[in-house]
Structure formats: structure tokens, C-alpha cells
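Notes to accompany the following structure.
Given the structure is predicted, the values throughout are model-derived calculations rather than measurements. Throughout, a chain's letter reflects where its sequence line sits, starting with A, and its residues are numbered from 1.
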Number of protein chains: 2
Amino acid sequence: MSGSCFADRLEKHLNLTERERAALARLEENQRKVKRGAMIQRANETITELFVLRAGRVMSYVILPDGSRQILRVYFAGDFIGSASTVYSKSPEALVALSDSVLCPFDKYALRVLLEEHPRVAALMFVLSQMERVALTDRLASLGRSSARARVASFLLDIIDRLRLMDDSITNSFDLKLTQEEIGDAVGLTSVHVNRMIRQMEADGLISRSNGRIALLNEKALEEIGHYTNRYNDLDLDWLPDA
Amino acid sequence: MSGSCFADRLEKHLNLTERERAALARLEENQRKVKRGAMIQRANETITELFVLRAGRVMSYVILPDGSRQILRVYFAGDFIGSASTVYSKSPEALVALSDSVLCPFDKYALRVLLEEHPRVAALMFVLSQMERVALTDRLASLGRSSARARVASFLLDIIDRLRLMDDSITNSFDLKLTQEEIGDAVGLTSVHVNRMIRQMEADGLISRSNGRIALLNEKALEEIGHYTNRYNDLDLDWLPDA
DNA sequence: AAGGGGCGTTTTACCTCCGTAACGAAACCT
DNA sequence: AGGTTTCGTTACGGAGGTAAAACGCCCCTT
């Protein structure tokens with residue numbers, strides 16, 4: 001366990017050197033605690049800060065002119081967030097804490113130094129960003145081309161697989177920490193219809209629920225319903241620069 | 001005009017050094033011509049090649065188990081494609097030429113050398129990948145939270161703005177090179193309904209068509225209908241390492 | 001020039017999945 | 001206890017999907 005939560009995350013995929021770990025730890029020198037519901041970054045505001053999410057859960061979203069919301073992504077401990085601000089001077093998306101969380105803010109210019117001095121970390125940042133790109137295209141296919149039932153199923157599977165990545169103790173149940181309205185805003189449905197789907201899946205014995213926790217009782221079936229594939233098995237990072 | 005089409009694209013955003021241009025040109029040493037309709041990369045096949053698209057037009061898509069297709073992205077000259085293969089050993093998406101095209105294939109390991117030797121280019125690759133990420137989240141919001149009319153409008157605007165980025169001669173009309181079925185597969189609609197929307201927009205005087213070309217007659221109105229914002233104006237690349 | 005096949009577009013009729021609106025119950029604050 | 005948030009459920013309507021056929025156009029072939 002190094003001082004850097006982000007380094008821990010990267011080490012799920014490959015081994016870092018001491019120097020690299022130290023450099024990454026420097027991104028997390030500052031900490032900021034935020035409460036559930038806190039706005040971390042407003043959309044369309046000037047920003048120079050990025051964050052490593054050290055603990056808790058965060059979502060990013062946009063609000064359309066008609067008031068509807070699209071949740072873009074849910075983030076977990078170890079994730080690098082706010083990365084859009086590496087490119088745009090005004091944040092294209094808002095960030096809100098879904099649970100009490102700990103953030104490590106750092107400056108764009110700190111990222112610059114990191115990338116200059118650690119080519120392998122630079123390559124890794126590119127790789128992480130590609131992983132997120134693929135996750136987004138998967139969700140795009142889900143919203144564009146599958147039914148409400150399929151969208152909810154694949155969304156649940158994606159969340160549990162990402163939680164498992166950092167927490168080995170998770171078996172088949174987890175705390176979603178999202179309201180049904182939020183699930184709807186993530187997969188492009190209304191809360192009413194999310195509720196229909198969830199109760200239907202519960203009636204079908206695919207999932208069960210008790211006070212906020214969701215248990216996936218038949219993942220194979222859910223994967224089929226949701227057209228879901230776990231991409232984290234098929235990584236190829238051999239081409240990255242040597243340590 | 002350097003030897004590298006990709007360098008030309010990057011120079012739309014910032015100035016490269018001679019050394020950097022030379023390094024990028026090395027990615028485009030090989031050329032391959034492909035005909036319209038040619039499969040460049042099949043989904044789920046082992047791959048080690050990436051491409052710079054030198055001329056023509058290419059799309060990426062996935063096919064869901066039920067046979068439906070989701071087009072993920074349309075690429076133009078100067079775009080870097082197949083980037084998912086930097087992360088996965090099997091391609092998560094298929095690539096097909098939408099018009100006769102010229103591709104410059106290169107190996108993952110060539111990318112590695114580039115990133116090791118040119119930290120600024122590495123940072124730039126990260127930036128490009130973030131730009132694509134934001135483009136995807138915009139489309140995610142479009143599919144998840146807006147009407148058929150809005151989806152078609154924003155799709156057309158996105159295409160024309162990306163064409164304009166590389167070709168100053170474009171005013172308000174362009175060659176789409178997509179069938180209505182393909183438009184539908186890109187924005188999550190059926191060809192029938194795309195047709196309804198397009199003819200409606202034509203009747204409303206928002207667009208006009210003649211032999212494959214589409215003219216946007218009222219971009220302001222289309223932007224409002226599609227909840228569209230052109231992100232290419234708001235870039236902030238000042239933090240990148242110095243030349 | 002005539003005929004024909006292929007591809008994309010247009011149109012019609014019908015249907016269904018999902019959204020809208022509304023309200024009551026339960027759970028959660030403070 | 002009283003407000004606030006979330007969940008559950010209903011009835012209804014509409015946006016968009018499905019299926020099918022006709023139409024137009026280009027290119028081929030004879």
C-alpha cells in the first residue's frame with residue numbers, strides 16, 4: 001500500500017517503480033473532504049484543477065437546456081477525475097459526490113511535470129483514457145441500441161465489476177448509492193421505467209434487494225440480457241515502455 | 001504541409017517542432033489504400049496495428065448479439081484510429097471505410113517509441129483522447145436524453161464542424177457519405193424515422209439536399225434543436241510541456 | 001434503347017415500449 | 001411530529017419501432 005490511491009489503481013494492471021509511485025503520490029499531497037451531494041465542479045465554470053478520488057463515490061453529468069440530466073459516469077476510489085479539464089478551459093461536465101468522499105485536487109501543471117518526467121506514466125494515462133473511451137462506447141451502444149431491461153442490466157454489471165477491480169471482498173452484492181432516478185439519468189430512462197425494470201428483474205429472480213444493497217443472483221443471465229462484456233480481462237499493456 | 005497528415009491535424013491546435021514533426025511522419029511511412037466498404041479491422045480479432053487516416057472517411061461500430069449495429073464514431077483525414085487496440089488485445093470495435101481511403105498503419109511498438117522520446121507528443125495524445133472522450137459524452141447525452149429530431153440535428157452539426165476543422169473551404173454544405181440507415185445506427189434510430197426527421201427538417205427550411213450533399217440552411221436553429229455546442233473553440237493547451 | 005438488378009429513399013399502416021402525470025406509502029432527516 | 005426524499009403503482013398517451021411495398025436512380029447487360 002503506497003501513499004497513492006491512484007498508484008494502487010494503476011498497479012492493478014502493471015508494476016510501477018518506486019520513482020513512479022513517488023511521483024504519483026505527489027499528486028495526492030492535498031486532500032479535501034466532501035459530503036454526499038456536494039458539488040465538486042460546476043459545468044461551464046473555469047477550472048484548472050483535476051482530482052484523484054481517494055475514497056467515496058462521485059458522478060459526472062450534464063444538464064441539457066430542457067432541464068433533463070444525463071449522468072456520464074460514476075467514479076470510484078482510485079479513479080482519476082475531471083480529466084476533461086486537461087483540454088477545455090471551461091468544464092464540460094459537472095461533478096457531484098454520491099457519498100461522503102475524499103478528493104485529492106492537483107493542478108494541470110502538476111500533470112505536465114509528471115508527464116514530462118515519467119514517459120511510462122504518460123503512456124499509462126493515455127491507456128487509462130482509452131479504457132474510459134471504450135467504456136463510454138459500450139454505454140453508447142447500450143443507449144442507442146438496446147431495451148430498457150438491457151440497459152439496466154448492463155449498468156448494474158458494469159458497476160459491480162468496477163467495484164470488484166478495487167475491492168476483492170465483493171462477491172455478488174453491492175451498495176449502489178444511486179436512486180432509481182439517477183439510474184434512469186445514467187441509462188436514458190425515467191425513474192418510473194427503471195422501477196418497472198428493477199421490480200421485474202427481482203420478480204424474475206435475477207436480482208434481490210434489501211435496504212439499498214443490490215445482489216446479482218444470476219450474472220450469466222444478466223450478461224446475456226444486457227449484452228454485457230467485461231473488458232478488464234482482455235488488457236494488453238505489454239507494449240508500454242519498460243520500467 | 002509536412003509529410004504527416006496527423007502532424008497537420010495536431011498543428012491546428014498548437015505548433016510542433018521539426019523533431020516532433022519528423023517523429024510523427026515516421027508513423028506514416030507505410031500506406032495502404034482501401035475501397036469504400038472495405039473492412040479495415042474486424043471486431044474481436046487480435047490486433048497490433050493502429051492507423052492514421054490520411055485520406056477518406058472511416059467509421060467504427062459494434063454489432064450487438066441481436067444483430068443491431070451501433071456506429072460509434074466517424075473519422076476523417078488526420079484522425080488517429082484504432083486507438084482501442086493500445087489497450088485491448090482483441091479489437092472491441094470494427095472499422096470500415098465509408099469512402100475510398102488511404103490509411104497509414106503502424107505498430108503499437110512504434111507508438112511506444114514515440115511516447116518515450118517525445119513527452120510533449122505523449123501529452124498531446126492524451127489530450128486528443130480526452131477530446132474524443134468529451135465528444136462521446138456529448139453523443140451519450142444526445143442518445144440518452146434527447147428526441148429523434150435533436151439527435152439528427154446535433155449529428156449533422158458535429159460532422160460539419162469536424163470537416164471544417166481540416167478544410168477551410170467548407171461553408172454550409174457537405175457530403176455526408178452515409179445512408180439514412182447508417183445515420184440511424186449512429187444516433188440510435190431506425191432508417192424510417194431518420195427519414196421522417198430529415199424530410200421534416202427539409203420541409204421546415206432547416207436543411208436542403210441534392211445528390212448526396214446536405215446544406216445546413218439555419219445552423220443557429222439546428223444548434224438549438226440539437227442542444228449542440230461546438231467544443232473546438234474552448235480548448236486550453238497552454239499547460240502542455242514547452243516545445 | 002430496352003430491360004433488369006441493386007441500392008437507397010419514401011410512404012403507409014399498425015403496434016409497443018416507454019414517457020407523463022399523479023398520488024399514496026415508506027423511509028429518512030433534524 | 002412534520003417535512004423531504006425515495007419508492008411503488010396506476011392510467012393514459014405519444015414518440016418511435018416494425019413490416020412491407022413502391023419508387024427512383026444508377027449501372028450493367030444485351
Distance-only, no hydrogens or angles: does the [X] side chain make a donor-acceptor pair with backbone N or O of [Y] under 3.5 Å?
X: A:R57; Y: A:Y75; answer: no
X: A:S146; Y: A:S142; answer: yes
X: B:N195; Y: B:Q180; answer: no
X: B:R73; Y: B:M59; answer: no

Comparing B:R36 and B:V192 on DNA chain C - which has the more 5′ nearest nucleotide: B:R36

Length of the [atom1]-[atom2] vector between [X] and [N], whole Å:
X: A:Q200; N: D:dT9; atom1: CD; atom2: P; result: 13 Å
X: B:R199; N: C:dT10; atom1: CZ; atom2: C1'; result: 6 Å
X: A:D175; N: D:dT6; atom1: CG; atom2: C1'; result: 15 Å
X: A:I198; N: C:dC18; atom1: CD1; atom2: P; result: 14 Å
X: B:R145; N: C:dC18; atom1: CZ; atom2: C1'; result: 11 Å
X: B:I183; N: C:dG8; atom1: CD1; atom2: P; result: 12 Å
X: A:Q180; N: C:dC18; atom1: CD; atom2: P; result: 16 Å
X: B:M197; N: C:dT9; atom1: CE; atom2: P; result: 16 Å

Test item: side-chain donor near acceptor, A:Q41 and A:S91, under 3.5 Å: yes

So what does [X] hit on the nucleic acid, given a heavy-atom distance under 4.0 Å: a base, only sugar-phosphate, or nothing?
X: A:T179; result: sugar-phosphate
X: B:R209; result: sugar-phosphate
X: A:G188; result: sugar-phosphate
X: A:S191; result: nothing

Would you tell me if any nitrogen or oxygen in the side chain of [X] comes within less than 4.0 Å of OP1 or OP2 on [N]?
X: A:R149; N: C:dC17; answer: no
X: A:N195; N: D:dG8; answer: yes
X: B:R196; N: D:dA15; answer: no

A:E202 or B:H193, whichever maps to the more 5' nucleotide of DNA chain D: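 The residue mapped nearer the 5' terminus is A:E202.
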
Proximal nucleotide (of D:dA19, D:dG16, D:dG8) relative to the B:A148 side chain: D:dG16

Selected nucleotide, minimal atom distance to B:L189 side chain, candidates D:dG8, C:dG19, D:dG17: D:dG17

